[in-house]
Amino acid sequence: MSAFFHLIARDVGLGLRDGGALGAAIGFHIIVVATLPLGLGPDLNLLSRIAPGVLWISLLLAALLSAERIFQADFDDGSLEQLALGPLPLELAALAKAVAHWLSTAAPLIAVSPALGLLLNMDASAYGPLLLAMLAGTPAVSFLGVAGAALTCGLRRGGLLLGLILLPLYVPVLIFGVAAVNAAMGLGGSFAAPFSLLCAFSLATAVLGPIAAAAALRGALN
């Protein structure tokens, strides 16, 4: 398992050292949320009601921006072939890539989301549930992202195809994530049900995503 954790540490270190993908993701997240009130006007009640949906949509799109790079750099310099021939099964390598993507991209996006909620006049009672829902749901974003990145690895303009593949798959995360926060704000329903579905979706994609990614990578390398 040392190779598994070494791969996670390597990818997280490269992501933080480069900073381009993370900076673009966080910058996109901030710009989308910050400019929305300018377009909608100063209706604080409206902003408060739509805040959970806006934060979730912005986070999902920002995470999508960096998904293409999960395998692309390794594919370009040939290290992906070395990874496939190494002692670590390709499924575990894909799992490590997904975990590294979550740590280096999704986690920072979650960290800045409460501050962005202030710009949308989000209810104070929603901050805790928002963080819990994002922590439960965003792993699915990375596990789905690693599968999509493997499918488009090496393709010209793969980023466009990646968006078409992943955006429909992100819809359950968006629906359950917004429902969980809305329930905590007293807008109907219970927090436990959508939160449990987010956890279940993340666990399912943690199993299926790396398997699909490994199969796609074997096809791309053959």
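Residues take their numbers from the sequence shown, with the count starting at 1. Bear in mind that the values here come from a model prediction, so they are computed numbers and not experimental data.
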Are the side chain of [X] and the backbone N or O of [Y] linked by a donor-acceptor pair below 3.5 Å?
{"X": "Ser58", "Y": "Leu55", "answer": "no"}
{"X": "Thr205", "Y": "Ser202", "answer": "yes"}
{"X": "Thr35", "Y": "Ile31", "answer": "yes"}

So do the side chains of [X] and [Y] get within less than 4.5 Å of each other, counting heavy atoms only?
{"X": "Thr105", "Y": "Leu109", "result": "yes"}
{"X": "Leu95", "Y": "Phe143", "result": "yes"}
{"X": "Ser142", "Y": "Val99", "result": "no"}
{"X": "Val173", "Y": "Trp56", "result": "yes"}
{"X": "Val141", "Y": "Leu60", "result": "yes"}
{"X": "Val178", "Y": "Ile57", "result": "no"}
{"X": "Asp11", "Y": "Ser104", "result": "no"}
{"X": "Leu36", "Y": "Ile50", "result": "yes"}

Exercise: identify the closest heavy-atom pair between [X] and [Y]:
{"X": "Pro129", "Y": "Ser125", "result": "CD-O, 3.3 Å"}
{"X": "Met185", "Y": "Ser48", "result": "CE-O, 3.5 Å"}
{"X": "Ala149", "Y": "Ile70", "result": "CB-CB, 4.0 Å"}
{"X": "Ala212", "Y": "Ala147", "result": "CB-CB, 4.2 Å"}
{"X": "Leu119", "Y": "Pro37", "result": "O-CG, 3.8 Å"}
{"X": "Ala213", "Y": "Ala94", "result": "CB-CB, 3.8 Å"}

From [X] atom [atom1] to [Y] atom [atom2], the distance as rounded to the nearest 0.5 Å:
{"X": "Leu120", "Y": "Leu40", "atom1": "CG", "atom2": "CG", "value": "9.0 Å"}
{"X": "Leu162", "Y": "Arg69", "atom1": "CG", "atom2": "CZ", "value": "12.5 Å"}
{"X": "Ser2", "Y": "Leu7", "atom1": "OG", "atom2": "CG", "value": "11.5 Å"}
{"X": "Asp123", "Y": "Asn182", "atom1": "CG", "atom2": "CG", "value": "11.0 Å"}
{"X": "Leu217", "Y": "Lys97", "atom1": "CG", "atom2": "NZ", "value": "9.5 Å"}
{"X": "Leu169", "Y": "Leu174", "atom1": "CG", "atom2": "CG", "value": "13.0 Å"}

Please check if [X] and [Y] belong to a single hydrophobic cluster, counting links between Ile, Leu, Val, Met, Phe, Trp and Tyr side chain heavy atoms closer than 4.5 Å.
{"X": "Leu166", "Y": "Val207", "value": "no"}
{"X": "Phe176", "Y": "Leu187", "value": "yes"}
{"X": "Tyr170", "Y": "Leu208", "value": "no"}
{"X": "Leu92", "Y": "Ile211", "value": "no"}
{"X": "Met134", "Y": "Leu132", "value": "no"}

Pairs meeting criterion side-chain hydrogen bond (donor to acceptor under 3.5 Å, both in side chains) with involvement of residues 111-122, two or more places apart: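 The answer is His29-Ser113.
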Trp102 and Val146: CA distance, side-chain angles, deciding distance, side-chain contact (heavy atoms from CB on, under 4.5 Å) verdict: CA-CA 10 Å; Trp102 187 89; Val146 78; over 6 Å; no
Worked verdict on Leu130 versus Met122 for side-chain contact (heavy atoms from CB on, under 4.5 Å): CA-CA 10 Å; Leu130 175 71; Met122 191 169 67; 3.6 Å; yes
Summary of ring-ring contact (aromatic ring centres under 6.0 Å, His included) pairs that have at least one residue in residues 178-220, sequence neighbours excluded: Phe191-Phe195
